[in-house]
Amino acid sequence: MKPNRWDDPYARRARHEKWLARSVYKLQEMDNRFKLIRIGHRVLDLGCYPGSWCQYALRKAGRSGDVVGIDLKQPDRLSTPGFRFIQADVMDLDIEWLVREISPRDMVMSDLAPSTTGIRAADESRSLALAGKAAQIAGALLKKGGDFVCKIFEGEDLNLFKAEVSGRFRQVRLYRPKAVRKRSREVYLVAQGWSAHG
């Protein structure tokens with residue numbers, strides 16, 4: 001039987017610990033390092049399927065917090081108090097409507113990834129567009145002092161994007177969690193301390 005190249009130690013650990021996906025360990029590592037999610041936090045997860053980031057945020061925010069997830073596909077194994085799912089394409093999202101529905105948020109997180117083509121420049125461009133939309137949504141919904149985390153593929157425009165985001169947050173870093181697969185070019189932008197006036 002051919003081994004499944006996706007079945008690595010993180011995937012096995014996620015199954016054992018009852019997480020919905022191995023990607024939870026990326027968020028967990030960033031949260032442990034940067035103290036992103038606390039009791040009572042209101043969190044928005046962009047590109048939430050299959051739901052492990054929402055699952056983690058719900059545990060950390062507790063009963064007094066709430067988590068909203070947005071994706072084209074609903075996490076089918078995540079049904080819990082404090083969670084709301086909005087079915088939508090993030091790129092087509094009406095931000096003014098979203099602000100009226102769920103604002104304000106303590107944290108906006110995005111694990112959005114494009115459908116990859118294998119053409120490096122095209123994939124980087126699509127990833128950057130998703131990250132840009134996520135940053136736009138974060139800017140509209142975050143409370144003062146709030147945090148924003150988003151996935152982005154490494155490329156020549158990454159530092160430009162980081163510089164744009166840096167103007168509105170107290171601190172912005174690029175971080176590559178250990179659970180990112182070795183061949184992957186994904187990194188995470190971790191922006192903390194949203195300033196309502198930048």
Any side-chain donor paired with an acceptor under 3.5 Å for Tyr25 and Glu17? yes
Return the [atom1] to [atom2] distance between [X] and [Y], rounded to the nearest 0.5 Å.
X      : Y      : atom1 : atom2 : result
Ile70  : Leu93  : CD1   : CG    : 5.0 Å
Leu174 : Leu158 : CG    : CG    : 5.0 Å
Arg77  : Trp19  : CZ    : CH2   : 13.0 Å
Arg38  : Asp147 : CZ    : CG    : 7.0 Å
Asp66  : Leu44  : CG    : CG    : 10.0 Å
Phe153 : Ser125 : CZ    : OG    : 11.5 Å

For residues 80-88, run the donor-acceptor check on the side chains, cut-off 3.5 Å, and write out each pair with its distance to 0.1 Å, sequence neighbours left out.
residue, atom, partner, partner atom, Å
Arg84, NH1, Glu101, OE1, 3.1
Arg84, NH2, Glu101, OE1, 2.6
Gln87, NE2, Leu72, O, 2.7

Test item: [X] side-chain N/O and [Y] main-chain N/O as donor-acceptor pair under 3.5 Å:
X      : Y      : value
Arg176 : Glu186 : yes
Arg22  : Ala179 : yes
Arg105 : Leu142 : no
Lys35  : Asn32  : yes

I'd like to check [X] versus [Y] (side-chain heavy atoms, cut-off strictly below 4.5 Å). Are they in contact?
X      : Y      : result
Leu189 : Phe148 : yes
Thr116 : Arg126 : no
Ser127 : Phe161 : no
Trp194 : Arg168 : yes

Might you confirm whether atom CD of Glu156 has over 12 heavy atoms from other residues, nucleotides or ligands at distances under 6.0 Å? no
Same hydrophobic cluster for [X] and [Y], using side-chain heavy-atom links shorter than 4.5 Å among ILVMFWY?
X      : Y      : result
Leu128 : Ile137 : yes
Ile152 : Val90  : yes
Val43  : Leu141 : no
Val108 : Val172 : yes

Of the non-hydrogen atoms in [X] and [Y], which two are nearest, and what is the gap between them?
X      : Y     : result
Leu112 : Leu46 : CG-O, 3.7 Å
Ala140 : Ile95 : CB-CG2, 3.5 Å
Cys54  : Val67 : SG-CG1, 3.9 Å

Can you list every pair that meets side chain to side chain donor-acceptor pair (under 3.5 Å) and has a residue in residues 51-65, with sequence neighbours left out? Ser23-Ser52, Asp31-Tyr56, Asp31-Lys60
Lys182, Arg181, Arg13 screened by side-chain hydrogen bond (donor to acceptor under 3.5 Å, both in side chains) with Asp8, the one that passes: Arg181
Look at Asp106 together with Arg42 and state whether they make a salt bridge at an N to O cut-off of under 4.0 Å. no
Can a salt bridge be assigned to the pair Arg120 and Glu124 using a cut-off of 4.0 Å between side-chain N and carboxylate O? yes
